[in-house]
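Numbering of ligands and ligand atoms starts at 1, following listing order.
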Amino acid sequence: MAQSTKAEWDRLKSLPKPKLDALFADGAARLEALSTRFELEEGEGIRFDWSKTHLDGAHLDGFEALAEAADFTAKRAALFDGAIVNVTEGRAAEHTAQRGVGKPESVEQAHGYHSRMAAIVEAIHRGAMGEVKHLIHVGIGGSALGPALAVDALARANGEEGGAMVDVHVVSNIDGCALEQAFAACDPATTMLAVASKTFTTIETMTNAESVIAWMREAGIADPYGRVVALTASPDKAIEWGVDETRVLPFSESVGGRYSLWSSIGFPVAMALGWPDFAEMLEGAATMDRHFADTEGRANLPLRAAFADQYYTRLRGCQTRAVFAYDERLALLPDYLQQLEMESNGKSVTSEGAPVDGPTAPITWGGVGTDAQHAVFQLLHQGTNLVPVDFIASIAPGHDLAPVHHRILLSNCFAQGAALMAGKPSDDPARAYPGDRPSATILLDAVTPASFGALIAFHEHRTFANAVLMGINPFDQFGVELGKAIAKQIEAGDTAFDASTEALLAEAGIA
Ligand code: F6P
């Protein structure tokens, strides 16, 4: 029977709504309670500052009681033990095993796959596939967003250092414009192809892969399949498609698509950064895994963030949450989080199939600071929607330009959180800022493979914690299937739909 959390929700709903300025009456105590530095290796760390949210002692107590009633401790243990937590599909969710934290057999299997992947990456770097200057990585959703984000964040040519060992182009869209752009930047003679698909059936990916093969062939490459690496949980399908077994990098079926950056889907990241940095990214994520697995209550950072997420969604009616990376290297983070959070928790039924008892995932949106300030922040400061905001920034800059750039960037980031909270009265209503608007700040010492890994793992666990508090299964995604099925019908020549769809098909010459 479903665990009932009604009493805990009712209690939370009955609590008085605190104001941020009152919560900051004793600022030092507020910081002590809700701004925490998370330590990585060798003095590196990340500050998670949730003090500018409306969580007060009573709400934290209430959410801890909710977590207990939702069986959070047992569900978290089930996740790390490799139990069937994806109940609708009868699967475990073993992304943490990829980082070395999980069921011993799964950790060992992941380690074996990684050893093979490392050997292949290093062999290619040494020239085993001839000169490889470019890598076209085709994949979509979880098979593209993580790799694109990680390469963009960690392999930029910043200042005198950095830059990718191989020029990576992640192509996801079936729209040929995406692939054409990659072709324009790559020399077929020195390009290899990574086909990334958990299922190895996704139409966009397989069509794009065929087109890369055709492009290579047209350029006179005698054996284009000899330049392909397959990243998949369906190795048989990859072999059937034409990839030699020696270049198929498998991963476990129990790793979900949107949680797969850590598996062989991360191949382009390892190609761009080199294996040691990829391994550091895994270790950074593992440090967050251990924190999430071993820390109780509000001290658990992803769980604390989920308390705030639930507060805003269920107690304050917020329908969206925004993420602004004040760092150009993390510009793709909102896109990545959109899939992670919305595909995981955009559900209307509980794990047991009953209707949910409140709203589930808010719409995740965001952008990059300071650009977004000059575009969408008007609504955050004075609009009628209450939008909880996460700001993400790095103390160390990613460039060698004059320090003034980074000082202005960070000043703006911190100013926005302060302004949202403080507001400013005015006799002129158009010029008044209501204030009392929440934000959280994640401040990295530096964007490194380890801090990046920890940042992404933090969001995975935050998503899981939210799902547990709402009683839903974050690991299936049946909502994506219907549209795919209808697209297939159209491809197969079916023309009988509603009048609007029929007319659109006819006008586009598809019917
Ligand atoms: O359609 C959604 C989805 O299944 C995502 O969950 C997944 O990340 C993406 O498609 C790609 O799937 P695959 O890796 O199997 O090609």
Does the plane of the ring in Phe80 sit parallel, tilted or perpendicular to the ring in Phe292? Use 30° and 60° as the thresholds. tilted
Please tabulate, one line per pair, the protein nitrogen or oxygen atoms found under 3.5 angstrom from a nitrogen or oxygen of ligand 1, with distances to 0.1 Å, or say none if there are no such pairs.
residue, atom, partner, partner atom, Å
ligand 1, 1 (O), Lys484, NZ, 2.8
ligand 1, 6 (O), Glu343, OE1, 2.8
ligand 1, 8 (O), Gly142, N, 2.8
ligand 1, 8 (O), Gln339, NE2, 3.2
ligand 1, 14 (O), Ser143, OG, 2.7
ligand 1, 14 (O), Lys198, N, 2.7
ligand 1, 15 (O), Ser197, OG, 3.4
ligand 1, 15 (O), Lys198, N, 3.4
ligand 1, 15 (O), Thr199, N, 2.9
ligand 1, 15 (O), Thr199, OG1, 2.6
ligand 1, 15 (O), Thr202, OG1, 3.4
ligand 1, 16 (O), Ser197, OG, 2.6
ligand 1, 16 (O), Thr202, OG1, 2.5

Closer than 3.5 angstrom, by distance alone: can the side chain of Arg156 be matched with the main-chain N or O of Val151 as a donor-acceptor pair? no
When you measure from the centre of the six-membered ring of Trp9, is the NZ or CZ of Arg314 closer than 6.0 Å and no more than 45° off the axis? yes
Is the backbone of Thr448 close enough, under 3.5 Å, to the side chain of Ser451 for a donor and an acceptor to pair up by distance? yes
Under 6.0 Å between the ring centres of Phe278 and Trp262? no
Closer than 4.0 angstrom, basic N to acidic O: yes or no for Arg99 and Glu94? no
